[in-house]
Protein chains: 2
Amino acid sequence: MDSDSHRALKHRWSEYLRRSGLKTTQQRELIVETFLRLEGHVSIDELLARVRRRNPRVGYATVYRTLKLLAEGGLAQPRHFGDQQTRFEVADEGAHHHDHLICTECNQIIEFENEQIERLQDEVAKELGGFKIVRHKLELYGLCPRARGEQNGYCAQPERWTRRS
Amino acid sequence: MDSDSHRALKHRWSEYLRRSGLKTTQQRELIVETFLRLEGHVSIDELLARVRRRNPRVGYATVYRTLKLLAEGGLAQPRHFGDQQTRFEVADEGAHHHDHLICTECNQIIEFENEQIERLQDEVAKELGGFKIVRHKLELYGLCPRARGEQNGYCAQPERWTRRS
DNA sequence: CTTTTTGCAAATTCTTTGCAGCCCA
DNA sequence: TGGGCTGCAAAGAATTTGCAAAAAG
């Protein structure tokens, strides 16, 4: 993430806090900063682990509460992939929207974007009575080349996710 | 669901049981029958409630266990929409695949299908190293006409979902 | 000072599991 | 008969909440 969009996100965050009459605290700032700097899809545990590197006294509840605020403020998007953990992703309006391609064997997640698909989605919404699409979620599940059996096929992440232990 | 596809699903189910060395039981049959007859997206609670109309002694665990089998057998697809409940949907290979348009205000869910989008998905997968797409999930979230403010706009389901009470 | 926020632990919610007895093959 | 199946209750896992102490404005 470039620093421009990072700055924009921080600004949206402070605006959200102000509008909602919420306070700025050390923990919140640390969690938000850590979250915004992370790429990809973070689980609460992963985020908490990162946060605790800097401040070991932060608790689960605070991370949950802060991510809820981030989601309400439109800065984070909750997601459910294969497992039961909720993962969060930075909702960066400046960046292009992207979707996900997930290997059901090795669980690697590849992001992609496709303008044509986005356009077709708006058309569908118009046909179906005139919905106004706010956001969408497209997930393709399949087998990456290696999982399909190609010996030297590409596989970015041949191990499975580890869960909270 | 027409009776042909219902029969086909029941056949897939018995094949699955046989292949896996599992037994046919009253409860399983009742749960599967009830599930296959339901349209749309069922939560465990809704399904259990229906099942108990016919046999009040069926327990949660059995429904969970049976839905897990249905999912493994490819007859049910688990889904997460807005709330934290897992919903299941009949995976009817005979029917066309469909996707979902969800109103974030009233939570109505409209199903649709679009061939062009499906085609583009396969293209994307090919470009991204040659994945083999097994299934996909496309969810459009937005505002239905009424939620957008149109007084007489279409809104199939103006109430919110009720959760387990 | 007042109002929020935090961290902890306890409570909730959803889902899975252990086990004694029941039922299908 | 014998191994799978069920229902119950207890365990687990993820998330939320109550509350007293701490921090922010």
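Residue numbers begin at 1 in each chain, while the letters A, B, ... track the order of the sequences.
Within the 4.5 Å cutoff, no side-chain heavy atoms of Phe88(B) are placed close to those of Leu70(B).
Glu29(B) places its CD atom 17 Å from the P atom of dC23(C), with the value rounded to the nearest Å. Atom NE2 in His80(B) sits about 12 Å away from atom C1' in dA14(D), given to the nearest Å. For Arg57(B) and dC23(C), the CZ to C1' distance is 13 Å, given to the nearest whole Å. At whole-Å resolution of the value, CD in Glu72(A) and C1' in dT16(D) are 13 Å apart. Atom CD1 of Ile44(B) and atom P of dT13(C) are 17 Å apart (whole Å). Atom CZ of Arg65(B) is separated from atom C1' of dG4(D) by 11 Å (rounded to the nearest Å). Regarding Gln85(A), its CD atom lies at a distance of 12 Å from the C1' atom of dT15(D), rounded to whole Å. Atom NZ in Lys68(A) sits about 18 Å away from atom P in dA14(D), given to the nearest Å.
Summarising the geometry of Gln77(A) relative to Ala91(A), their closest heavy-atom pair is CG-CB, 4.1 Å, with the distance given to 0.1 Å.
By the side-chain hydrogen bond (donor to acceptor under 3.5 Å, both in side chains) test, Lys132(A) is found to be paired with no residue, residues two or more places apart in sequence or in another chain being considered.
A donor-acceptor contact closer than 3.5 angstrom is absent between the side chains of Gln85(B) and His41(B). Under 3.5 Å, the side chains of Glu139(B) and His80(B) contain no donor-acceptor pair of N or O atoms.
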Would you tabulate the pairs of protein nitrogen or oxygen atoms and nucleotide nitrogen or oxygen atoms of nucleotides 20-25 of chain D closer than 3.5 angstrom?
| from | atom 1 | to | atom 2 | distance (Å) |
| --- | --- | --- | --- | --- |
| dA24(D) | O3' | Thr24(A) | O | 3.2 |
| dA24(D) | N3 | Lys23(A) | NZ | 3.1 |
| dG25(D) | OP1 | Thr24(A) | N | 3.4 |

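Close to dT15(C), at under 4.0 Å from its OP1 or OP2, lies a side-chain N or O of Tyr64(B). For the pair Thr86(B) and dT15(C), the criterion of a side-chain N or O lying under 4.0 Å from OP1 or OP2 is met. In this model, the phosphate group of dT6(D) is approached by a side-chain N or O of Arg28(B) to a distance below 4.0 Å at OP1 or OP2.
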Show, in sequence, the C-alpha distance, side-chain angles and deciding distance for Arg12(B) and Glu15(B), and conclude whether the salt bridge (charged side-chain N to carboxylate O under 4.0 Å, His left out) test is met. CA-CA 5 Å; Arg12(B) 278 212 276 154; Glu15(B) 277 306 293; over 6 Å; no
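Using five terminal pairs a side, the axes of the helix from dC1(C)-dG25(D) to dA25(C)-dT1(D) at its two ends make an angle of 30°, given in steps of 10 degrees.
Among pairs with a residue in residues 20-30 of chain A, those fulfilling side chain to side chain donor-acceptor pair (under 3.5 Å) read Trp13(A)-Glu29(A), at least two apart in sequence or across chains.
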Name each donor-acceptor pair under 3.5 Å that joins a side chain in residues 117-131 of chain A to protein atoms two or more places apart or in another chain, with its distance.
| from | atom 1 | to | atom 2 | distance (Å) |
| --- | --- | --- | --- | --- |
| Glu118(A) | OE2 | His136(A) | NE2 | 3.4 |
| Gln121(A) | OE1 | His136(A) | ND1 | 2.9 |

For residues 52-59 of chain A, which side-chain N or O atoms pair as donor and acceptor with protein atoms under 3.5 Å away, sequence neighbours left out?
| from | atom 1 | to | atom 2 | distance (Å) |
| --- | --- | --- | --- | --- |
| Arg52(A) | NE | Val58(A) | O | 2.8 |
| Arg52(A) | NH2 | Val58(A) | O | 2.9 |
| Asn55(A) | OD1 | Arg57(A) | N | 3.0 |

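The Ala61(B) side chain lies nearest to dT17(C) when the options are dG7(C), dT17(C), dT16(D).
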